[in-house]
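Everything numeric in this text was worked out from a predicted model, so none of it was measured. Positions are given from 1 along the sequence.
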Amino acid sequence: MSMNNYIESLNIGENVFRLEDDTTLEYLVHFAAPFTGDDSIVVPKGTCFALHGLMRDDAFYMHPVEEETMLLNRIKAQVQEKDPKLVGRFAGVSFFITEEQLKTLPVTFTSGSRERALEILRLIIKRQE
């Protein structure tokens with residue numbers, strides 16, 4: 001079974017949480033070019049995210065549950081400010097959450113649980129060993 005199929009079999013997408021406070025989160029910026037940048041932004045309280053895959057050994061990729069047009073526009077403005085030559089090549093972002101953040105950020109799970117998300121991370125890491 002491929003790693004992607006294994007992750008899906010763990011029902012990772014069922015772990016959905018809502019931010020309880022305005023929270024600074026990091027993200028990767030994707031450009032229509034052979035590289036990716038990174039940055040952070042304050043995400044408003046109440047924004048919901050679903051986990052969807054392993055980023056690295058201590059982090060999950062996640063995506064907003066609903067379209068967050070205002071948040072995406074703020075990210076584009078940050079790209080414009082930092083790298084104005086690249087804004088025309090902006091192709092999207094990938095949010096991620098580290099194991100430490102998953103343990104400590106003030107979030108409420110609307111489905112799944114903090115414990116289940118951490119268990120999935122441990123299972124994936126164990127399988128990779």
Side-chain angles (χ1 to χ4, degrees):
M1 176 183 304
S2 75
M3 183 56 78
N4 286 341
N5 289 341
Y6 177 69
I7 292 170
E8 287 178 24
S9 76
L10 297 172
N11 298 319
I12 190 172
E14 293 177 2
N15 292 281
V16 177
F17 62 87
R18 177 182 310 108
L19 297 175
E20 292 300 315
D21 294 321
D22 291 349
T23 305
T24 300
L25 295 175
E26 293 179 85
Y27 58 89
L28 300 177
V29 183
H30 306 288
F31 297 100
F35 62 93
T36 300
D38 68 308
D39 207 343
S40 62
I41 194 163
V42 175
V43 179
K45 171 184 178 176
T47 303
C48 291
F49 285 93
L51 302 178
H52 68 86
L54 187 66
M55 178 194 172
R56 56 182 195 231
D57 286 348
D58 70 335
F60 281 121
Y61 282 117
M62 61 184 184
H63 60 272
V65 172
E66 297 179 9
E67 186 174 333
E68 297 290 338
T69 305
M70 290 177 54
L71 182 59
L72 188 59
N73 287 340
R74 288 178 38 227
I75 290 171
K76 283 182 184 179
Q78 282 185 193
V79 171
Q80 173 70 39
E81 184 178 314
K82 290 184 176 187
D83 292 307
K85 293 178 183 175
L86 292 176
V87 75
R89 300 183 70 110
F90 178 80
V93 299
S94 293
F95 283 96
F96 61 93
I97 186 167
T98 66
E99 180 179 10
E100 185 61 31
Q101 289 172 311
L102 195 52
K103 289 178 181 176
T104 61
L105 284 179
V107 299
T108 300
F109 276 79
T110 59
S111 66
S113 69
R114 187 183 311 259
E115 294 77 19
R116 178 63 180 149
L118 291 167
E119 177 187 24
I120 290 170
L121 184 59
R122 285 189 296 274
L123 289 169
I124 293 168
I125 291 168
K126 183 176 180 178
R127 182 179 169 114
Q128 289 180 327
E129 293 175 344

field: Of all pairs that satisfy salt bridge (charged side-chain N to carboxylate O under 4.0 Å, His left out), the ones with a partner from residues 69-78, not counting sequence neighbours
entry: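 Found none.
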
message: Going by salt bridge (charged side-chain N to carboxylate O under 4.0 Å, His left out), name the pairs with one or both residues in residues 101-121, residues two or more places apart or in two chains.
response: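 Matches after skipping sequence neighbours: Glu99-Lys103, Arg116-Glu119.
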
message: Restricting to non-hydrogen atoms, name the atom on Ala59 and the atom on Leu54 that form the minimum distance, rounded to 0.1 Å.
response: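 Shortest heavy-atom separation between Ala59 and Leu54 comes out as O-CD1, 3.4 Å.
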
Where Leu19 and Pro44 come nearest, the two heavy atoms and their spacing: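 Minimum heavy-atom separation between Leu19 and Pro44: CD1-O, 4.0 Å.
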
- prompt: Would Val107 and Val42 show up in the same hydrophobic cluster when neighbours are defined by side-chain heavy atoms closer than 4.5 Å?
  reply: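 Looking at the clustering, Val42 is in a separate group from Val107.
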
- prompt: Does Ile124 belong to the same Ile/Leu/Val/Met/Phe/Trp/Tyr cluster as Leu102, with side-chain heavy atoms less than 4.5 Å apart forming each link?
  reply: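 In one cluster: yes.
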
message: Which Ile, Leu, Val, Met, Phe, Trp or Tyr residues join Tyr61 in one cluster when any pair of side-chain heavy atoms under 4.5 Å counts as a link?
response: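 Members besides Tyr61, by chain and number: Leu28, Met55, Phe96.
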
- request: List the steps and the verdict of side-chain contact (heavy atoms from CB on, under 4.5 Å) for Leu51 and Ile120.
  value: CA-CA 10 Å; Leu51 302 178; Ile120 290 170; over 6 Å; no

Which residues pass the side chain to side chain donor-acceptor pair (under 3.5 Å) test with [X], sequence neighbours left out?
| X | result |
| --- | --- |
| Gln80 | none |
| Lys82 | Asp39 |
| Thr108 | Glu20 |

message: Filter on side chain to side chain donor-acceptor pair (under 3.5 Å), then keep only pairs touching residues 86-98, sequence neighbours left out; what's left?
response: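 Sorted result for residues 86-98: His30-Ser94, Thr98-Gln101.
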
Inter-residue atom distance [X].[atom1] - [Y].[atom2], 0.5 Å rounding:
| X | Y | atom1 | atom2 | value |
| --- | --- | --- | --- | --- |
| Glu26 | Ile97 | CD | CD1 | 11.0 Å |
| Ile41 | Asp22 | CD1 | CG | 11.5 Å |
| Asp21 | Lys45 | CG | NZ | 6.5 Å |

- prompt: Which residues pass the ring pair (Phe, Tyr, Trp, His ring centres under 6.0 Å) test with His63, sequence neighbours left out?
  reply: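 Once residues adjacent in sequence are excluded, the partners of His63 under the ring pair (Phe, Tyr, Trp, His ring centres under 6.0 Å) criterion are His52.
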
field: Qualifying residues under ring pair (Phe, Tyr, Trp, His ring centres under 6.0 Å), relative to Phe95, sequence neighbours excluded
entry: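 Here the qualifying residues are Tyr27, Phe49.
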
message: Applying salt bridge (charged side-chain N to carboxylate O under 4.0 Å, His left out), can you list everything that pairs with Asp38, at least two apart in sequence or on another chain?
response: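 For Asp38, no residue satisfies salt bridge (charged side-chain N to carboxylate O under 4.0 Å, His left out) once neighbours in sequence are set aside.
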
- prompt: Side-chain contact, heavy-atom cut-off 4.5 Å: Leu25 with Met62?
  reply: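 The answer is yes; the side chains approach within 4.5 Å.
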
Below 3.5 Å, can you tabulate the donor-acceptor pairs from side chains in residues 65-72 to any protein atom, sequence neighbours excluded?
{"unit_1": "Glu67", "atom_1": "OE2", "unit_2": "Thr69", "atom_2": "OG1", "d": "3.2"}

Let me have the donor-acceptor pairs involving side chains of residues 5-15, under 3.5 Å, with sequence neighbours excluded, atom names and distances please.
{"unit_1": "Asn5", "atom_1": "ND2", "unit_2": "Ser2", "atom_2": "OG", "d": "3.3"}
{"unit_1": "Ser9", "atom_1": "OG", "unit_2": "Tyr6", "atom_2": "O", "d": "2.6"}
{"unit_1": "Asn15", "atom_1": "OD1", "unit_2": "Ser113", "atom_2": "N", "d": "3.2"}
{"unit_1": "Asn15", "atom_1": "ND2", "unit_2": "Ile12", "atom_2": "O", "d": "3.3"}

